[in-house]
Amino acid sequence: MKIKFVSADGANVTEADGKTGDRLLEIAQAHGQALEGTCEGQMACSTCHVIIAPEDFDKLPHASADEDDLLDLAAHVTRTSRLACQILLEESWDSLTVRIPPDAYDMQGR
Ligand code: FES
């Protein structure tokens, strides 16, 4: 399946391929997206916050209560915000467009 990462300002689009079972956070990091993912998927940081395109949001399984609680603490949260470490891809989704929120930064602090 195709994944499109859109930078916070919309100026850069990066395309990636994913398959069932891939973790969205790992695909994003492998393609240079500015997502720190400090806790490596332990749901303790929210630095993997991404905004899913509204037309794709309903393809995803619902967030757990713990994920929702953590998202409440993230900056620039929207109705279609998710934690990328909690999203395991399904090829049946076909495509997914993911926007990186403003102020996201990676481990180099960029
Ligand atoms: Fe920490 Fe996703 S990497 S919550």
Residues forming a salt bridge (Lys or Arg N to Asp or Glu O under 4.0 Å) with D66, sequence neighbours excluded: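 With neighbours one apart ignored, the set is empty.
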Spacing of [atom1] belonging to [X] relative to [atom2] belonging to [Y], to within rounding of 0.5 Å:
| X | Y | atom1 | atom2 | result |
| --- | --- | --- | --- | --- |
| R23 | E40 | CZ | CD | 11.0 Å |
| I3 | S95 | CD1 | OG | 9.5 Å |
| S64 | M43 | OG | CE | 4.0 Å |

Taking all non-hydrogen atoms of both residues, which atom of [X] and which atom of [Y] are closest, and how far apart?
| X | Y | value |
| --- | --- | --- |
| D68 | A63 | OD1-CB, 3.7 Å |
| S46 | A74 | OG-CB, 3.9 Å |
| A44 | L70 | N-CD2, 3.7 Å |
| G18 | I27 | CA-CD1, 4.0 Å |

Donor-acceptor pair, distance only, cut-off 3.5 Å: does the side chain of K59 make one with the backbone of W93?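 The answer is yes, because a donor-acceptor pair under 3.5 Å joins these two groups.
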With no hydrogens and no angle check, is any side-chain donor or acceptor of T97 less than 3.5 Å from a backbone partner on A53?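 A pair under 3.5 Å: no.
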Listing, residues 79-91 side-chain donor-acceptor contacts under 3.5 Å, not counting sequence neighbours, or none:
unit_1 : atom_1 : unit_2 : atom_2 : d
T80    : OG1    : I52    : O      : 2.7
T80    : OG1    : T78    : OG1    : 3.4
S81    : OG     : H49    : NE2    : 2.8
S81    : OG     : T78    : N      : 2.7
S81    : OG     : T78    : O      : 3.2
S81    : OG     : T78    : OG1    : 3.4
R82    : NE     : E67    : OE2    : 2.7
R82    : NH1    : P61    : O      : 2.7
R82    : NH2    : E67    : OE1    : 3.1
E91    : OE2    : T20    : N      : 3.0
E91    : OE2    : T20    : OG1    : 3.4

Min side-chain heavy-atom separation [X]-[Y] under 4.5 Å:
| X | Y | value |
| --- | --- | --- |
| F5 | N12 | no |
| L24 | V98 | yes |
| M1 | L96 | yes |

Side chain to side chain contact (heavy atoms under 4.5 Å, CB included) partners of D9, counting only residues at least two apart: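 In terms of side chain to side chain contact (heavy atoms under 4.5 Å, CB included), with neighbours along the sequence ignored, D9 is linked to S7, A11.
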Can you hop from V50 to L60 via hydrophobic side chains spaced under 4.5 Å?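 Yes, one cluster joins them.
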In the single-linkage hydrophobic clustering (I, L, V, M, F, W, Y; side-chain heavy atoms under 4.5 Å), do L73 and L71 co-cluster?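 As far as the 4.5 Å side-chain criterion goes, L71 and L73 are connected within one cluster.
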Verify side chain to side chain contact (heavy atoms under 4.5 Å, CB included) between L35 and I100, making sure each step is shown before the conclusion. CA-CA 8 Å; L35 293 178; I100 307 302; 4.2 Å; yes
Steps toward side chain to side chain contact (heavy atoms under 4.5 Å, CB included) verdict (D17, K2): CA-CA 5 Å; D17 285 311; K2 296 277 173 212; 2.8 Å; yes
